[in-house]
Amino acid sequence: MSRRTLRTPPGMRDFLPSEKRQREWVIGRIRAVFERFGYEPIETPALELLETLKGKLGEEGEQLLFKVLRRGTALEDLRLGRVSQVTVTDYDEVVDYALPYDLTVPFSRFLAMHPNLPRPFKRYQIQRVWRAEKPQRGRYREFYQCDVDVAGSESMLADAEIITVAIEALLELGFTDFRTRIGHRKILDGLVEWAGGAERFTDICVSIDKLEKIGLSGVREELARREVPQEVAARLLGQLTETGEASAQLTRLERTLADTRNGPAGIAEMRELLDALAAMGLPQDRYLFDLNLARGLDYYTGPVFETFVETPPIGSLTGGGRYDDLIGRFSGQPLAATGTSIGLERILDVMQEFDMLPTSRAVSEVLVTIFDDASRIPALRLAAELRRAGICTEFPLRRTKGLRQQIAYASSKQIPLLAILGPDELREDRVTLRAGPGNQRSVARADVAAEARRFLQELVRTPA
RNA sequence: GUGGGCAUAGCUCAGUUGGUCAGAGCGCUUGACUGUGGAUCAAGAGGUCGCGGGUUCAAAUCCCGUUGUCCACCCCA
């Protein structure tokens, strides 16, 4: 088998048992936080109609869709040699389906299809999504997102809860060095209107979103490159670089944006949101109002939020916002919604780098030894008994030579406990439980399950 | 999509100015060792040196192309 064929597609990975268990551990913690706030799990298909996904991602998002070639029609003729070539003028002609790019759009489709669910509907969703990007550190073509969303509430309480859930999830995983930036699309909208660039809103958002990253001059250049008039850019940047307490900034903006269409509503919502957050018991230094946070996706309509770690510079760990119009685009019935996405892969990358993950050990907690034909049946019985007691147990599935080899197997698989049931033990109706050199005890055969359980608990408390 | 680094066994990597350079360690397989911690000893499998072309008496080594991969940009989780 050549190296050429023996590989995974770019940006898509195999996970070894130890890696998979770490992933599941992290997912488990995140899920526990979601459920602590009353969010329910759902799942959507691995394919969506292309039509469902189109036109929701912004200009650049759409080319990142993995599209599935349609079966039949002219392409089938081509495959069967009935025709020698096929002419296509738009990919709609050959594509019906695409792999989801995120979980928000499928969720919106889901909500539009299930209008009778109790509202507000609170769901979480932990699934793979796909983007046809060039893979890089912290960026893959196939990756998991952990989304939490509330649909059917226009209250800032919903946004505050989503932000709180995301922060709690990171705290639960042991993160300490992060900040959640909170911006507001309506305030930005007001600001852009005030500056006289309303018709270029999307372009302007994309540019000012980078303020932190490329600096004032970088944004000025980018706005110029996008042909935003210079005086518009100047007015805008003057406002965006004002700093200070959130409340002071909002008071200032309130005056500036008094006559704009969306500014006043945005400011009122932002105040409401910050008040709610303060009441929800989050550490104050975990989040901040950041006028410059815009986010690239088209569908956000209200507060937007993003969580960053300073080190390593890996990008955002979570990102989300309010999208009150998206669901209406599917059903015609407007339905307010807000939510966030937690980036599992980046979280894992960071946790790996800072050694925040628990040391992985095997699924099996006990290995029951098999010495010879005579001890085989008793060993199988013992294993069955341990399993009935809820202890993950295995025994050697192929011939082993002596105890040493079985110990080596248990060690290499990091199985913590060995249940030795040899001729000596059988004669005395006992079992030797062994956790390591010099750390073993002989227990009565009848007490094995209880003793093993106790032994394992001691081992967890005092890791070897 | 743009730019740069890298490519030798399953993994981590040696390989001199082109000339016994097809290698090591780990892992894997088999055998030996009367039942106590990833052993030891012995044997074995596994590579057209990413692929294609060129230079040369001679290429893992130099040149060109190509593919893959990693990093940066863009964008994002």
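Letters go in sequence order (proteins before strands), and every chain restarts at 1.
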Q: Applying a 4.0 Å non-hydrogen cut-off, can you work out what A:Y144 is touching in the nucleic acid: base, sugar-phosphate, or nothing?
A: nothing
Q: After noting the C-alpha distance and the side-chain angles of A:F201 and A:L188, does the key distance pass the side chain to side chain contact (heavy atoms under 4.5 Å, CB included) rule?
A: CA-CA 9 Å; A:F201 183 65; A:L188 275 179; 4.2 Å; yes
Q: How close do A:L367 and A:A410 get, counting heavy atoms only, and between which atoms?
A: CD2-CB, 3.9 Å
Q: Using atom C1' of each nucleotide, how far apart are B:rA45 and B:rC26 to the nearest Å?
A: 16 Å
Q: Determine whether any donor atom in the side chain of A:Q414 lies under 3.5 Å from an acceptor atom in the base of B:rG37, or the reverse, and answer yes or no.
A: no
Q: Does A:P10 reach a base, just sugar-phosphate, or nothing at all? Heavy atoms under 4.0 Å.
A: sugar-phosphate
Q: Please state the P separation for the pair B:rC62 and B:rG5 - nearest whole angstrom.
A: 14 Å
Q: Please report the distance separating the P of B:rC71 from the corresponding atom of B:rU12, rounded so that it comes out in whole Å.
A: 15 Å
Q: Mind checking the C1' distance from B:rC28 to B:rU69? Whole angstroms is fine.
A: 26 Å
Q: Considering only B:rA77, B:rG37, B:rG35, which nucleotide approaches the side chain of A:L403 most closely?
A: B:rG35
Q: Does B:rA77 have OP1 or OP2 sitting under 4.0 Å from an N or O in the side chain of A:R295?
A: yes
Q: Scan A:L344 against the nucleic acid and name what it touches under 4.0 Å (heavy atoms): base, sugar-phosphate only, or nothing.
A: nothing
Q: The criterion is side-chain contact (heavy atoms from CB on, under 4.5 Å); which residues satisfy it with A:R430, sequence neighbours excluded?
A: A:E428, A:S442, A:A444
Q: Can you spot which of A:V309, A:T176, A:T307 makes a side chain to side chain contact (heavy atoms under 4.5 Å, CB included) with A:L170?
A: A:T307
Q: So does A:Y97 have more than 12 non-hydrogen atoms from other groups sitting under 6.0 Å from OH?
A: no
Q: Which residues satisfy the side-chain hydrogen bond (donor to acceptor under 3.5 Å, both in side chains) test with A:R181, sequence neighbours excluded?
A: A:D290
Q: Please measure how far the P atom in B:rG44 lies from the corresponding atom in B:rA60, and state the result in whole Å.
A: 26 Å
Q: In this structure, how many angstroms lie between the C1' atom of B:rA77 and the OH atom of A:Y101, rounded?
A: 9 Å
Q: Could you give the CZ-to-C1' distance, from A:R441 to B:rU36, as a whole number of Å?
A: 16 Å
Q: When the P atoms of B:rA58 and B:rC41 are compared, how many Å lie between them, rounded to an integer?
A: 44 Å
Q: Can you give me the dot-bracket string for RNA chain B, 5' to 3', counting Watson-Crick and G-U wobble pairs with both distances under 3.5 Å, using [ ] for crossing pairs and | for partners on another strand?
A: (((((((..((((.....[...)))).(((((.......))))).....(((((..]....))))))))))))....
Q: Closest approach to the side chain of A:E425, judged atom by atom: which nucleotide of B:rA77, B:rG37, B:rG35 is it?
A: B:rG35
Q: Distances under 3.5 Å only, N/O to N/O: pair up the protein atoms with those of nucleotides 25-30 of chain B.
A:
residue : atom : partner : partner atom : Å
B:rU29  : OP1  : A:R398  : NH1          : 3.4
B:rU29  : OP1  : A:R398  : NH2          : 3.1

Q: Mind checking whether A:T400 and A:I370 have side chains closer than 4.5 Å, heavy atoms only?
A: no
Q: May I ask you to decide whether A:E365 forms a salt bridge with A:R453, counting only side-chain N to carboxylate O separations under 4.0 Å?
A: yes
Q: What's the OH-C1' distance between A:Y300 and B:rC76, to the nearest Å?
A: 11 Å
Q: State whether A:D349 and A:R346 are salt-bridged, where the test is any N-O pair (Lys NZ or Arg NE/NH1/NH2 against Asp/Glu carboxylate O) under 4.0 Å.
A: no
Q: From B:rA77, B:rC33, B:rG35, pick the nucleotide closest to the side chain of A:R404?
A: B:rC33
Q: Which residues satisfy the side-chain contact (heavy atoms from CB on, under 4.5 Å) test with A:I27, sequence neighbours excluded?
A: A:R31, A:I126, A:L344
Q: Taking the six-membered ring of A:F178 as reference, does the cationic atom of A:R286 (NZ for Lys, CZ for Arg) lie under 6.0 Å from its centre and within 45° of its axis?
A: yes
Q: Under 4.0 Å between any heavy atoms, over every strand shown, what does A:T318 touch: base, sugar-phosphate, or nothing? Just pick one.
A: sugar-phosphate
Q: B:rA77, B:rC70, B:rU36: which one has an atom nearest the side-chain heavy atoms of A:R131?
A: B:rA77
Q: NA contact type, A:A435, heavy-atom cut-off 4.0 Å: base, sugar-phosphate, or nothing?
A: base
Q: Heavy atoms, side chains only, cut-off 4.5 Å: are A:M356 and A:L173 in contact?
A: no
Q: In the structure I gave you, are the side-chain heavy atoms of A:T393 and A:E385 within less than 4.5 Å of one another anywhere?
A: no
Q: More than 12 foreign heavy atoms under 6.0 Å from CZ of A:R381: is that the case here?
A: no
Q: Under the 5.5 Å and 30° test, is A:F143 stacked on the base of B:rA77?
A: yes
Q: A:P135 side chain: which of B:rA77, B:rC70, B:rA39 is closest?
A: B:rC70
Q: Rounded to the nearest angstrom, tell me the gap between atom CG in A:L170 and atom P in B:rA77.
A: 14 Å
Q: Looking for any heavy atom pair under 4.0 Å, which part of the strands does A:Y140 touch: base, sugar-phosphate only, or nothing?
A: base
Q: Can A:D189 and A:K186 be counted as an ion pair, charged N to O under 4.0 angstrom?
A: no
Q: Starting at CD of A:E133 and ending at C1' of B:rA77, how long is that distance when rounded to a whole Å?
A: 9 Å
Q: Measure OH/A:Y299 against C1'/B:rC76 and give the value in whole Å, please.
A: 11 Å
Q: When you compare B:rU34 with B:rC49, how far apart are their P atoms, in angstrom units rounded to a whole number?
A: 45 Å
Q: Choose from B:rG35, B:rG37, B:rA77 the nucleotide whose nearest atom is closest to any side-chain atom of A:S411.
A: B:rG37
Q: A:I342 has an atom CD1; how far is it from atom P of B:rA77, in whole Å?
A: 13 Å
Q: In this structure, how many angstroms lie between the C1' atom of B:rG31 and the CD atom of A:Q405, rounded?
A: 11 Å
Q: For the side chain of A:R346, starting at C-beta, report the closest nucleotide among B:rA77, B:rG35, B:rG37.
A: B:rA77
Q: Enumerate all atom pairs, one protein N or O and one N or O from nucleotides 1-6 of chain B, separated by less than 3.5 Å.
A:
residue : atom : partner : partner atom : Å
B:rU2   : O4   : A:K134  : NZ           : 3.0
B:rG3   : O6   : A:K134  : NZ           : 3.4

Q: If I pick the P atom on B:rU16 and the same atom on B:rC6, what distance separates them, to the nearest angstrom?
A: 15 Å
Q: Closer to the 5' end of RNA chain B via nearest nucleotide, is it A:E306 or A:T432?
A: A:T432
Q: Taking for each residue the nucleotide of RNA chain B bearing the nearest heavy atom, is the 5' side occupied by A:P9 or by A:L418?
A: A:L418
